Amino acid sequence: MDSAMGDTLNNLIKVTKPGGRLVFYGATRGNPTGFDGRRLFWNQIKMIGSTMGNDEDFGNMLEYVTKNKITPLIDQVFDLENSLEAFERMKEGKQTGKIVIRISQ
């Protein structure tokens with residue numbers, strides 16, 4: 001599952017096992033500039049576009065995440081005063097996982 005798309009699409013196609021599925025529910029990184037269609041059809045990969053679902057879907061997802069103890073991958077945590085550095089890291093695509101901006105009280 002991916003919400004970013006953009007130029008990471010071909011990387012996702014490469015790591016999807018034959019017969020696998022890629023599900024997209026957003027394109028925060030925009031449309032891809034290239035597309036490895038041959039690998040997609042050769043490995044019989046299915047690409048599925050989806051919205052984020054309804055309230056029942058969301059509840060089921062929360063239950064699944066809680067039951068299976070799924071936690072997000074955090075790349076780096078920045079304090080609010082370093083938020084420009086966080087956005088630069090995201091813009092450069094250097095992160096693996098989520099970038100968190102901490103707002104202290």
Side-chain angles (χ1 to χ4, degrees):
M1 295 190 97
D2 182 64
S3 65
M5 195 172 293
D7 287 333
T8 63
L9 175 61
N10 285 329
N11 293 336
L12 294 173
I13 291 171
K14 286 179 187 174
V15 300
T16 302
K17 70 179 183 175
R21 287 176 281 186
L22 291 172
V23 179
F24 296 94
Y25 60 94
T28 56
R29 297 193 74 189
N31 290 320
T33 56
F35 176 64
D36 190 357
R38 289 186 178 110
R39 187 182 302 263
L40 187 80
F41 70 74
W42 186 257
N43 287 329
Q44 299 180 7
I45 296 170
K46 293 176 180 71
M47 289 183 64
I48 303 165
S50 178
T51 60
M52 290 187 202
N54 57 34
D55 289 346
E56 182 182 354
D57 295 332
F58 187 74
N60 290 337
M61 181 271 306
L62 288 177
E63 182 181 325
Y64 181 85
V65 166
T66 302
K67 178 182 173 186
N68 292 286
K69 298 181 171 107
I70 297 172
T71 57
L73 176 63
I74 304 294
D75 177 76
Q76 197 167 344
V77 178
F78 293 86
D79 290 323
L80 183 59
E81 57 268 12
N82 297 323
S83 58
L84 288 178
E85 183 182 341
F87 282 102
E88 284 300 314
R89 182 168 179 81
M90 183 171 57
K91 182 179 173 183
E92 294 170 5
K94 292 182 177 178
Q95 81 279 5
T96 300
K98 302 295 181 188
I99 294 174
V100 176
I101 297 176
R102 180 181 319 154
I103 300 173
S104 300
Q105 293 189 21

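Predicted model only: the values in this text are computed from it and were never measured.
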Requested in this report: Please assess N43 against T16 for the test side chain to side chain contact (heavy atoms under 4.5 Å, CB included), listing each intermediate value before the final yes or no.
Outcome: CA-CA 9 Å; N43 287 329; T16 302; over 6 Å; no
Query raised in the report: Taking all non-hydrogen atoms of both residues, which atom of G93 and which atom of R29 are closest, and how far apart?
Result: CA-NH2, 4.1 Å
[atom1]/[X]: more than 12 non-hydrogen atoms of other groups inside 6.0 Å:
{"X": "E63", "atom1": "CD", "answer": "no"}
{"X": "R21", "atom1": "CZ", "answer": "no"}
{"X": "D55", "atom1": "CG", "answer": "no"}
{"X": "Q44", "atom1": "CD", "answer": "no"}
{"X": "F87", "atom1": "CZ", "answer": "no"}

Is the side chain of [X] donor-acceptor paired with the backbone N or O of [Y] at a distance under 3.5 Å, no angle test?
{"X": "D36", "Y": "N10", "answer": "no"}
{"X": "D2", "Y": "M5", "answer": "yes"}
{"X": "N54", "Y": "E56", "answer": "yes"}

When rounded to the nearest 0.5 angstrom, what is the spacing between [atom1] in [X] and [atom2] in [Y]?
{"X": "D7", "Y": "T33", "atom1": "CG", "atom2": "OG1", "result": "3.5 Å"}
{"X": "R102", "Y": "S83", "atom1": "CZ", "atom2": "OG", "result": "13.0 Å"}
{"X": "F35", "Y": "M47", "atom1": "CZ", "atom2": "CE", "result": "5.5 Å"}
{"X": "E88", "Y": "I99", "atom1": "CD", "atom2": "CD1", "result": "10.5 Å"}

Query - L73 and T96: CA distance, side-chain angles, deciding distance, side chain to side chain contact (heavy atoms under 4.5 Å, CB included) verdict - result: CA-CA 8 Å; L73 176 63; T96 300; 3.8 Å; yes
Report task. Could you check K94, Q95, R89 and say which one makes a side-chain hydrogen bond (donor to acceptor under 3.5 Å, both in side chains) with Q76? Result -> R89
